[in-house]
*Asks:* 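Dumping the structure here so I can ask a few things about it.
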Amino acid sequence: MAVIHRTTLTPTKLELLTAWLPSRPWYVGGAGAPELAKSGGFRLDDPQGEVGTEFMVVTDTSGADPTAYLVPLTYRSAPLDGAEHALVGVMEHGVLGRRWAYDGCHDPVAVAQLFALVEGRVQAQDQNTSDTPDRDVTRSHTGEGLISADLAVTATDDREGTALAVPSGATLRLHRVLRPAQDDPPSLPQGAAGHIAGSWSPPSGPRARGLFAVVHNGF
């Protein structure tokens, strides 16, 4: 299990994301810098114990209406070969030293564990407490396994979010902009073969719950 350290980060995660988010095609803010607050999320454990993986929810309050974003991040002790395009930034960790933070959708460790979560082979972990499952995060999947050991997954960002496509034709689409569901559990789109859902707490207003990701087969 990942160990959560109570220490300092320079720059902080929110400072890195303030500079990085406006460069994303799915960012819906204006011309000014986002004003971010941490609103929730969960972690996934790396079986090798080397890569930290966090699915963070941040809320941007710079606009007229607060907007919540899902931001998967991985934290590594050395640069990830071939992933310069996915680098969010570099931090100094008070315990672990220098850490390279990447967009988790382009990190094979995070992608493998995300698909394992959808299929029920691993469990989401609490964002702030070591060795504690996060039972608020729900998942489902019907059908055969989504990925093989070679992890041949293609990540594509667009205005709607990030699509993780596998050779079988299945696609796991991450909802980067989160919207509260009108029902609980959240209703799935027609033809969906799986989902991940969870909750987040806006800076003001009631706690929200909605879909983090949806699996589609065949397109």
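Just so you know, these numbers use all the heavy atoms, side chains as well, and skip hydrogens, waters and symmetry mates.
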*Asks:* Go through the steps for V57 and Y69 under the test side-chain contact (heavy atoms from CB on, under 4.5 Å), then give the verdict.
*Replies:* CA-CA 6 Å; V57 179; Y69 295 93; over 6 Å; no

*Asks:* Decide yes or no on side-chain contact (heavy atoms from CB on, under 4.5 Å) for E119 and V215, but give the supporting numbers first.
*Replies:* CA-CA 10 Å; E119 295 178 351; V215 178; over 6 Å; no

*Asks:* Identify whether V177 and V58 are in the same connected component of the hydrophobic contact network (ILVMFWY, side-chain heavy atoms under 4.5 Å).
*Replies:* yes

*Asks:* Could you check whether any side-chain N or O of Q113 sits under 3.5 Å from a backbone N or O of A110, counting only pairs where one atom can act as donor and the other as acceptor?
*Replies:*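 It does not hold such a pair.
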
*Asks:* Any side-chain heavy atom of T10 sitting closer than 4.5 Å to one from T12?
*Replies:* no

*Asks:* In chain order, what residues pass the side chain to side chain donor-acceptor pair (under 3.5 Å) check against S199, with sequence neighbours excluded?
*Replies:*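 S199: side chain to side chain donor-acceptor pair (under 3.5 Å) contacts with D136, R209.
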
*Asks:* Among the clusters formed by ILVMFWY side chains lying less than 4.5 Å apart, do L73 and L36 turn up in the same one?
*Replies:* yes

*Asks:* Rounded to the nearest 0.5 Å, how far apart are CG of L114 and CZ of R139?
*Replies:* 12.0 Å

*Asks:* For the residue pair H216 and T171, confirm or rule out a side-chain donor-acceptor distance under 3.5 Å.
*Replies:*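 Short answer, no.
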
*Asks:* Check A208 against P202 and note the closest heavy-atom contact, atom names and distance.
*Replies:*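 Closest approach of A208 to P202: N-CD, 4.2 Å.
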
*Asks:* Can you tell me how far apart CG (L164) and CZ (F115) are? Round to the nearest 0.5 Å.
*Replies:*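 One finds 5.0 Å between CG of L164 and CZ of F115.
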
*Asks:* Quick check: closest heavy atoms across A101 and Y75, and the distance to 0.1 Å?
*Replies:* CB-CD2, 4.1 Å

*Asks:* Only one of V109, V137, L117 clears side-chain contact (heavy atoms from CB on, under 4.5 Å) with L44; which?
*Replies:*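 Going through the options one by one, the only one that passes is L117.
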
*Asks:* Kindly indicate whether the side chain of H195, heavy atoms from C-beta on, has any atom under 4.5 Å from the side chain of T138.
*Replies:*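 Yes, close enough: below the 4.5 Å cut-off.
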
*Asks:* Enter the distance from T18:OG1 to E35:CD here, rounded to the nearest 0.5 Å.
*Replies:*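 Those atoms lie 9.0 Å apart.
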
*Asks:* Is the number of heavy atoms from other residues, nucleotides or ligands within 6.0 Å of CZ (R98) greater than 12?
*Replies:*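 No, because the 6.0 Å sphere around CZ of R98 holds 12 heavy atoms or fewer from other groups.
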
*Asks:* Using 30° and 60° as the class boundaries, would you call the ring planes of F212 and F42 parallel, tilted or perpendicular?
*Replies:* parallel

*Asks:* Would you say L16 and Y27 are hydrophobically clustered, going by side-chain heavy atoms of ILVMFWY under 4.5 Å?
*Replies:* yes

*Asks:* Is the number of heavy atoms from other residues, nucleotides or ligands under 6.0 Å of D183 CG greater than 12?
*Replies:* yes

*Asks:* Under 4.5 Å between side-chain heavy atoms, hopping through other hydrophobics if needed: is there a path connecting W100 to L17?
*Replies:* no

*Asks:* Do side-chain atoms of Q125 reach the backbone of Q123 as a donor and acceptor pair under 3.5 angstrom?
*Replies:* yes

*Asks:* Is it the case that the side chains of T132 and D126 hold a donor-acceptor pair, with the cut-off being a distance below 3.5 Å and no angle test?
*Replies:* no

*Asks:* Decide yes or no on side-chain contact (heavy atoms from CB on, under 4.5 Å) for I196 and F55, but give the supporting numbers first.
*Replies:* CA-CA 12 Å; I196 301 170; F55 286 72; over 6 Å; no

*Asks:* What is the minimum heavy-atom distance between A213 and L172, and which atoms define it?
*Replies:* CB-CD2, 3.7 Å

*Asks:* Side chains of T162 and R176: is there a donor and an acceptor less than 3.5 Å apart?
*Replies:* yes

*Asks:* Are L174 and P72 close enough that some pair of their side-chain heavy atoms sits under 4.5 Å apart?
*Replies:* yes

*Asks:* With a 3.5 Å distance limit and no angle check, can you tell me whether Y102 reaches the backbone of L80 through a side-chain donor-acceptor pair?
*Replies:*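 Such a contact is found between Y102 side chain and L80 backbone.
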
*Asks:* For residues H175 and L211, report the shortest heavy-atom separation together with the two atoms involved.
*Replies:* ND1-O, 3.5 Å

*Asks:* With salt bridge (Lys or Arg N to Asp or Glu O under 4.0 Å) as the criterion, how do R76 and E50 come out once you've worked through the C-alpha distance, each side chain's angles and the decisive distance to 0.1 Å?
*Replies:* CA-CA 7 Å; R76 290 175 168 267; E50 296 292 334; over 6 Å; no

*Asks:* Crowded around E160 CD? As in, over 12 foreign heavy atoms under 6.0 Å?
*Replies:* no

*Asks:* For the atom pair OG (S39) and CG (L70), what is the distance rounded to the nearest 0.5 Å?
*Replies:*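 Between S39 OG and L70 CG, I get 11.5 Å after rounding to 0.5 Å.
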
*Asks:* Of all the heavy-atom pairs spanning A33 and S62, show the shortest one and how long it is.
*Replies:* O-CB, 3.7 Å

*Asks:* Would a hydrophobic clustering, with Ile, Leu, Val, Met, Phe, Trp and Tyr connected at side-chain separations under 4.5 Å, put V88 with V90?
*Replies:* no

*Asks:* So, does R173 use its side chain to make a donor-acceptor pair with the main chain of V214 at under 3.5 Å?
*Replies:* no

*Asks:* Can you tell me how far CG of L87 sits from CG of D103, rounded to the nearest 0.5 angstrom?
*Replies:* 10.5 Å

*Asks:* Are any of the side-chain heavy atoms of D158 and P25 separated by less than 4.5 Å?
*Replies:* no

*Asks:* Quick one: pull up CE in M56 and NZ in K38 and give me the separation to the nearest 0.5 Å.
*Replies:* 5.5 Å

*Asks:* Of the non-hydrogen atoms in V51 and D46, which two are nearest, and what is the gap between them?
*Replies:* N-OD2, 2.9 Å

*Asks:* Does the distance from a Lys or Arg side-chain N to an Asp or Glu carboxylate O, for D134 and R43, drop under 4.0 Å?
*Replies:*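 Looking at D134 and R43, the cut-off is not met.
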
*Asks:* Between R99 and M91 (side chain of the first, backbone of the second, donor and acceptor by atom type, cut-off under 3.5 Å), is there such a pair?
*Replies:* no

